[in-house]
Amino acid sequence: MMSPCDGDHLLIVAWFQICLCCLANSYGHCQCHCHMTIGVSKTAQTDLESGYPVCNHTLMLLSDSHTCPLVSTAKVGKTSLIMSLVSEEFPDDVPLRAEEITIPADVTPERVPTHIVDYSEAEQSDEQLYQEISKANVICIVYSVNNKKSIEKVTSHWIPLINDRTDKDSRVPLILVGNKSDLVEHSSMETILPIMNQYSDIETCVECSAKNLKNISELFYYAQKAVLHPTGPLYCPEEKEMKPSCIKSLTRIFKVSDLDNDGILNDKELNFFQRTCFNMPLAPQALEDVKNVVRKNMTDGVEDNGLTLKGFLFLHTLFIQRGRHETTWTVLRRFGYDDDLELHQEYLFPLLKIPADCTTELNHNAYLFLQSVFDKHDKDRDCALSPDEVKDLFKVFPYMPWGPDVNNTVCTNDQGWITYQGYLSQWTLTTYLDVQRCLEYLGYLGYSIICEQESQAAAITVTRNKRIDLQKKQTQRSVFRCNILGARGSGKTSFLQAFLGRNLLKQRKIREDHKSFYSINTTYVYGQEKYLLLHEVMPDFDFLSEEDLACDVVCLVYDVNNPRSFEYCAKVYKQYFMDSKTPCMMIASKSDLHEARQHYSLTPLDFCRKNKLHPPQPWTCNTVDAPNKDLYTKLTTMAMYPHAKLRCMCTCNRCTFCICQNILRSQLLTNIKAKFYSVVLNRCSYTCFWLPLFLFLLHVFASC
């Protein structure tokens, strides 16, 4: 089986290098000598009308098999076409109907198995015809070039019948086949062109001869091409321009490929795009040839020696108009699009197995990618994304994924813009709470393409089971969840916002409909950066869900000024957390106000002592500066080491522990330890017998 253009060009898979001579300004004859037109595609009609040559090269592509039925009136040679294809000679005896034939993938230019189905009015019923039409991927309507009635029946019978039996939104592409070209000296194209203009479902017209074996294999090549690279979703032949959905998809591809977001594809970006889609780089001269073609046809297609969006779209329009729409389809499919120009579900949501009691986090490479996306859109280099910059970042999305609540979930600057740290925090939160949504977002940004990974799943780390962490008494996780529980008005929302550095004055400026039940920020535990995710749980004591209880640490908040506030915390703890292994902390909120006596059998301090909890931690956000963040560090530490018992959680500077800590941190004791250290080393240099003892004493003293 040969393609429409045999020879070396069969192997060409480069995007811009596909017959560049046909894109030259002169539009002269193609140097590959493939301008002998064997068929006319709708997108190439402009070329015929203008006298330009039509070039037919082949681009290899893998796909599933498809079915190609042939229909026609009697005596036009439909069955002979099939028999000639199989036997490679004209049959002496032609049956009424040929059996279904499967062409193996390895003998077709497109590497796709094709099922050819013959239809005979003499042997088959209308119902059988309708069944074959419903299963077809492409339909070939055969007519005789020397029989005007067979041509007329194409429009009077076959096309209306097929359209009546197919869904309007998913019409089957049609191929018009003019057989018996050996019997006439003229072409039927002048008669066929108006029909092709009238019906958008017709992809191509091919003239052939079953007797002379002329263009037989090409007929089925075009049938395959109509299925694998349909024109309909890409191009409107009446308007002679690309359809809006195609422009939208190619615009996203351009923005993803524009790595520095300057609105221009420079040579480096064009080469990256070329390798991504066709696995081979572009020669420098080929790049210049492409840009010259664009320069000569439009004024704003090339700027600063780079390809603009308009130039990018112009090239694809040119490819489609020259019948090279498989080039555009290759690009679209590489970037995840299906035949309806929608992103594949398999592309957006790759398989990711998450065992029970495991969490999901972004890995190092994912953070590097997200950092590059941030830098790409932070045009003013202020380490924050303005509303316009956020909008520009999400132009590759079909919708705006972040609402106004995000600005109250992560850190922002004084203008209310999301900072770099807040940007990464929001991605971390999305990955932890809804990893499928994160995979979708990374798909829109083109993570797998830019990072050259198989899918977005490569950006996700699935942590080990929490039970193993507890057994080993260590964890490799970076994100910890803290659920905040408390009665209404106890200060839970303020506790969340204070984690983002907002005092009470700033919190009062937040609109009610922009509030968030989450906040996330970084903390440092023993020099390690960790993310702490706070979640405010609605105060419904009788209906706490599994999600409300599933966390690494629990924070019970009560209002010291409200005598009925602590009772809720005590009941929740006794009901849900007394026998659990989840560490809990009691927060005495609004500690700047008068402390009222709580209406409960035990005081908060006695309750904590009885249940072996740390004493209630005083906290307030009614400060001039940003609220203190020590409590959040302690919460993260408790989440990381739930098995450990912290010796002291207060900062009173009055208890024995605090006094001892202050002494140990004093400058005087630091100098004494340094002197002792030097003396021990000097003594050890004189005797090796006492060396182990001295080193042991030194270690003990230093640990103080």
Salt bridge present between [X] and [Y] (N-O < 4.0 angstrom):
X: R333; Y: D339; value: yes
X: D392; Y: K255; value: yes
X: D357; Y: R467; value: yes
X: D469; Y: R464; value: yes

Heavy-atom distance under 4.5 Å between the side chains of [X] and [Y], does that happen here?
X: H377; Y: K391; answer: no
X: P350; Y: Q456; answer: yes
X: T330; Y: T327; answer: no
X: L270; Y: L287; answer: yes
X: L393; Y: Y423; answer: yes
X: I450; Y: F272; answer: yes
X: T359; Y: V479; answer: no
X: R477; Y: D552; answer: yes

Compare every heavy atom of [Y] with every heavy atom of [X], then report the nearest pair and how far apart it is.
X: T431; Y: C438; answer: OG1-SG, 3.1 Å
X: F254; Y: G263; answer: CZ-O, 3.5 Å
X: L496; Y: S519; answer: O-OG, 3.2 Å
X: D405; Y: S516; answer: O-CB, 3.8 Å
X: L485; Y: C569; answer: O-SG, 4.5 Å
X: A498; Y: C621; answer: CB-CB, 4.3 Å

Between [X] (side chain) and [Y] (backbone), is there a donor-acceptor pair under 3.5 Å?
X: K492; Y: P539; answer: no
X: N261; Y: K376; answer: yes
X: Q497; Y: N408; answer: yes
X: E269; Y: L259; answer: yes
X: K530; Y: V525; answer: no
X: N363; Y: A458; answer: yes
X: N407; Y: G416; answer: yes
X: N503; Y: T623; answer: yes
X: R334; Y: T276; answer: yes
X: Q507; Y: S494; answer: yes

Classify the ring geometry of Y641 against Y526: parallel below 30°, tilted from 30° to 60°, perpendicular beyond 60°.
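Tilted.
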
Within a radius of less than 6.0 Å around [atom1] of [X], do more than 12 heavy atoms belonging to other residues, nucleotides or ligands occur?
X: K629; atom1: NZ; answer: yes
X: D513; atom1: CG; answer: yes
X: D380; atom1: CG; answer: yes

Reported [atom1]-to-[atom2] distance for the pair [X] and [Y], which is rounded to 0.5 angstrom:
X: T412; Y: L500; atom1: OG1; atom2: CG; answer: 7.5 Å
X: T636; Y: E529; atom1: OG1; atom2: CD; answer: 11.0 Å
X: F480; Y: L532; atom1: CZ; atom2: CG; answer: 9.5 Å
X: Y447; Y: E452; atom1: OH; atom2: CD; answer: 11.0 Å
X: D262; Y: E303; atom1: CG; atom2: CD; answer: 10.0 Å
X: I587; Y: L631; atom1: CD1; atom2: CG; answer: 4.5 Å

Check whether the side chains of [X] and [Y] place a donor and an acceptor atom closer than 3.5 Å, and report yes or no.
X: T493; Y: E536; result: yes
X: S545; Y: D548; result: yes
X: T428; Y: Y367; result: yes

Among Y531, W619, F499, Y524, exactly one meets ring-ring contact (aromatic ring centres under 6.0 Å, His included) together with Y632. Which residue is that?
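For Y632, the ring-ring contact (aromatic ring centres under 6.0 Å, His included) check succeeds only for F499.
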
Could you please spell out the steps behind the side-chain contact (heavy atoms from CB on, under 4.5 Å) verdict for L544 and V537?
CA-CA 8 Å; L544 290 180; V537 178; 3.8 Å; yes

Before you tell me yes or no, could you show the steps for L313 and M242 under side-chain contact (heavy atoms from CB on, under 4.5 Å), namely the whole-Å CA-CA distance, both residues' side-chain angles and the distance that decides it to 0.1 Å?
CA-CA 9 Å; L313 295 176; M242 286 192 294; 4.0 Å; yes

Candidate pair C584 and V553, rule side-chain contact (heavy atoms from CB on, under 4.5 Å), full reasoning:
CA-CA 6 Å; C584 298; V553 61; over 6 Å; no

Partner set under ring-ring contact (aromatic ring centres under 6.0 Å, His included) for F577, not counting sequence neighbours:
none

Given T409 and Q426, is the side chain to side chain donor-acceptor pair (under 3.5 Å) satisfied, shown in steps?
CA-CA 8 Å; T409 304; Q426 178 63 24; 4.9 Å; no

Please lay out, stage by stage, how F273 and F312 fare under the test ring-ring contact (aromatic ring centres under 6.0 Å, His included).
CA-CA 12 Å; F273 173 86; F312 184 78; 5.7 Å; yes

Report the C-alpha separation of L343 and D338 in whole Å, then their side-chain angles, then the decisive distance to 0.1 Å, and conclude whether the side-chain contact (heavy atoms from CB on, under 4.5 Å) test is met.
CA-CA 6 Å; L343 288 172; D338 60 17; over 6 Å; no

